[in-house]
Colleague: 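Before I ask anything, here is the structure I am working with.
When reading the values below, keep in mind they use all heavy atoms of this one structure, side chains included, and skip hydrogens, waters and symmetry mates. Owing to the predicted nature of the structure, the values given are computational and were not obtained by experimental measurement. As the structure lists them, so they are numbered: ligands from 1, and atoms in each ligand from 1.
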Amino acid sequence: MATATAAAAAAAVSSPAAPRAAATARRGFVTFGGGASRSSPALRPGRGLSGVRTHVAAVEQAVAKDATKLDAPVVIVTGASRGIGKAIALALGKAGCKVLVNYARSSKEAEDVAKEIEAAGGEAITFGGDVSKEADVDSMMKAALDKWGTIDVLVNNAGITRDTLLMRMKKSQWQDVIDLNLTAVFLCTQAVTKVMMKKKKGIIINIASVVGVTGNVGQANYSAAKAGVIGFTKTVAREYASRNIIVNAVAPGYIASDMTAELGEDLMKKLVTTIPLGRLGEPEEVAGLVEFLALNPAANYITGQVLTIDGGMVM
Ligand code: NAP
């Protein structure tokens with residue numbers, strides 16, 4: 001349903017009349033004599049000039065809205081059905097972006113995210129796929145390109161944990177975590193840079209973790225992957241700076257989500273005592289930082305950085 005609604009919205013904004021109307025509005029031309037205006041109630045005799053002005057203002061507003069939609073950034077958020085990814089997709093969608101909501105298994109949750117974006121006036125499609133698999137990544141990029149013709153922002157968010165001490169860690173626990181938390185970031189970034197290089201513009205935001213900086217008992221696999229993401233971010237930022245592709249990492253501390261809920265209440269209580277601000281972060285707080293990096297022109301001169309958002313854990 002979300003996809004169908006988004007398709008209808010895209011058809012509306014991509015209709016040949018919309019760009020013409022937008023261009024007309026930009027130039028400040030408003031036609032009083034013909035077309036739809038002629039039958040408008042505001043122009044019927046007896047309405048007076050103020051009625052006409054109100055009508056013109058309403059038309060200008062509608063046209064400006066269509067023009068804004070045409071220019072809206074296209075964003076891919078991996079792992080956007082739950083937790084931090086969901087908050088990021090919602091924040092960017094509600095800010096006016098066209099959002100591809102990726103998920104692995106939670107199709108219902110992903111559809112709900114897309115519906116919430118559409119209810120707020122945005123556009124969204126869902127895409128079920130494992131971003132650690134090259135074929136799925138290629139199909140995901142194609143889905144966004146088929147729908148919107150470009151990709152402006154990639155948020156590499158999908159991640160998993162398989163925590164255990166190194167002495168007990170199975171190769172599969174190591175590999176699963178590396179595959180999604182690091183290899184998927186490589187695959188999605190490489191695929192999207194092909195599009196961004198051509199337009200000489202793009203923004204990539206990788207969700208790392210403070211444990212990629214500090215290490216953490218029981219997370220040799222996860223901290224290695226996240227440290228890899230940080231090194232990868234800096235390298236890609238250097239390689240693509242001349243193409244105006246901006247690449248940063250966001251490194252959250254402990255954020256309230258299904259991932260941290262897995263740790264159990266007792267451990268969480270202990271962990272909270274190590275956080276100077278004395279509480280877990282909220283997914284919306286991480287989403288606010290990502291929104292700043294993705295959309296705020298004040299972030300245009302930030303690249304190759306790791307921004308921690310952790311209640312003061314790492315300082
Ligand atoms: P979460 O609540 O467990 O959500 C994980 C998301 O990733 C879900 O949308 C899930 O989709 C998706 N996903 C899982 N496997 C996937 C795959 N193979 N392909 C595509 N999507 C997949 O996790 P979270 O806490 O929001 O974490 C999000 C990111 O922040 C991760 O990179 C994590 O490492 C990082 N992070 C989290 C914290 C924290 O405290 N929560 C701290 C630092 C960093 P399904 O719903 O379909 O499974």
Colleague: Quick one: which ligand 1 atoms are inside 4.0 Å of a heavy atom on Ser209?
Modeller: 43 (C), 44 (C)
Colleague: Output the list of atoms in ligand 1 that are nearer than 4.0 Å to some heavy atom of Asp258, sorted by atom number.
Modeller: 2 (O)
Colleague: Looking only at the side chains, is there a donor atom on one of Thr189 and Asn156 sitting less than 3.5 Å from an acceptor on the other?
Modeller: yes
Colleague: Considering only heavy atoms of Asp130, which atoms of ligand 1 have at least one such atom less than 4.0 Å away?
Modeller: 17 (C), 18 (N), 19 (N)
Colleague: For atom 26 (O) of ligand 1, which candidate among Val137, Asp310, Val185, Ile84 provides the closest heavy atom?
Modeller: Ile84
Colleague: Considering only the protein, which heavy-atom contact is closest to atom 11 (O) of ligand 1, and what is its distance?
Modeller: Ser81 OG, 3.2 Å
Colleague: Under a 3.5 Å cutoff, is there a donor and acceptor pairing between the side chains of Lys86 and Ser81?
Modeller: no
Colleague: Can you check whether Tyr103 has an N/O within less than 3.5 Å of an N/O in ligand 1?
Modeller: no
Colleague: Report yes or no: do Asp163 and Gln219 form a side-chain donor-acceptor pair below 3.5 Å?
Modeller: yes
Colleague: Pro252 to ligand 1: N or O pair under 3.5 Å?
Modeller: no
Colleague: Is a side-chain N or O of Asp136 found less than 3.5 angstrom from the main chain of Gly129, in a donor-acceptor match?
Modeller: no
Colleague: Counting N and O atoms only, with roles assigned by atom type, does the side chain of Thr183 sit under 3.5 Å from a partner on the main chain of Leu180, one being a donor and the other an acceptor?
Modeller: no
Colleague: Report, in ascending order of atom number, the atoms of ligand 1 lying under 4.0 Å from any heavy atom of Val131.
Modeller: 19 (N), 20 (C)
Colleague: Tell me yes or no: between the side chains of Asn157 and Thr78, is some donor less than 3.5 Å from an acceptor?
Modeller: no
Colleague: Would Arg82 count as a contact residue for ligand 1, given that I'm defining contact as a non-hydrogen atom of the residue lying under 4.0 Å from a ligand atom?
Modeller: yes
Colleague: Does some side-chain heavy atom of Leu293 sit less than 4.5 Å from a side-chain heavy atom of Leu307?
Modeller: yes
Colleague: How about Ile275 and Tyr254: do any of their side-chain heavy atoms sit closer than 4.5 Å?
Modeller: yes
Colleague: Backbone, side chain, both or neither: what part of Ala80 comes under 4.0 angstrom of ligand 1, heavy atoms only?
Modeller: backbone
Colleague: Quick one: does any side-chain atom of Ser209 pair with a main-chain N or O of Val211 as donor and acceptor, under 3.5 Å?
Modeller: yes
Colleague: Of the backbone atoms (N, CA, C, O) and the side-chain heavy atoms from C-beta on, which set of Leu280 has a member under 4.0 Å from an atom of ligand 1: side chain, backbone, both, or neither?
Modeller: neither
Colleague: How close do Asn300 and Ile246 get, counting heavy atoms only, and between which atoms?
Modeller: O-CD1, 3.1 Å
Colleague: Short list, please: which atoms of ligand 1 are under 4.0 Å from a heavy atom of Tyr254?
Modeller: 40 (O)
Colleague: What atoms of ligand 1 come closer than 4.0 angstrom to any heavy atom of Gly129?
Modeller: 19 (N), 20 (C)
Colleague: First locate atom CG of Asp179, then atom CG of Asn221, and finally report the distance between them rounded to the nearest 0.5 Å.
Modeller: 11.5 Å
Colleague: Test of understanding: given a 4.0 Å heavy-atom threshold, classify the contact between Lys226 and ligand 1 as side chain, backbone, both, or neither.
Modeller: side chain
Colleague: List the closest protein heavy-atom neighbour of atom 33 (C) of ligand 1: residue, atom name, distance to the nearest 0.1 Å.
Modeller: Tyr222 OH, 3.3 Å
Colleague: Evaluating non-hydrogen atoms only, which member of Ala251, Ser257, Gly253 is closest to atom 38 (C) of ligand 1?
Modeller: Gly253
Colleague: Are Asn102 and ligand 1 in contact, using a heavy-atom cut-off of under 4.0 Å?
Modeller: yes
Colleague: Does Glu285 come within less than 4.0 Å of Arg279, counting only side-chain N to carboxylate O?
Modeller: yes
Colleague: Determine the minimum heavy-atom distance between Thr308 and Val314, stating which atoms define it.
Modeller: OG1-O, 4.4 Å
Colleague: Taking distance alone, with N or O pairs closer than 3.5 Å, would you say Ser106 contacts ligand 1?
Modeller: yes
Colleague: Look at atom 44 (C) of ligand 1 and find which of Ala208, Gly159, Ala261, Gly83 reaches it with the closest heavy atom.
Modeller: Ala208
Colleague: To which protein heavy atom is atom 47 (O) of ligand 1 closest, and what is the distance rounded to 0.1 Å?
Modeller: Arg105 N, 2.5 Å
Colleague: Looking only at N/O atoms, are Gly85 and ligand 1 under 3.5 Å apart anywhere?
Modeller: no
Colleague: Kindly write out the residues that satisfy side chain to side chain donor-acceptor pair (under 3.5 Å) with Lys198, not counting sequence neighbours, or none if the list is empty.
Modeller: none
Colleague: State the atoms of ligand 1, each with its element, that fall below the 4.0 Å cut-off from a heavy-atom position in Ala158.
Modeller: 7 (O), 20 (C), 21 (N), 22 (C), 32 (O)
Colleague: How far is atom 12 (C) of ligand 1 from its nearest protein heavy atom, and which residue and atom name does that atom have?
Modeller: Gly79 CA, 3.5 Å
Colleague: Counting only heavy atoms, tell me which of Asn157, Val177, Ile207, Ile255 gets closest to atom 32 (O) of ligand 1.
Modeller: Asn157
Colleague: Give me the nearest non-hydrogen protein atom to atom 15 (N) of ligand 1 as residue plus atom name, then the distance to 0.1 Å.
Modeller: Leu180 CD2, 3.3 Å
Colleague: With the side chain counted from C-beta on, respond yes when Ile255 and Pro252 share a heavy-atom pair under 4.5 Å apart, and no when they do not.
Modeller: yes
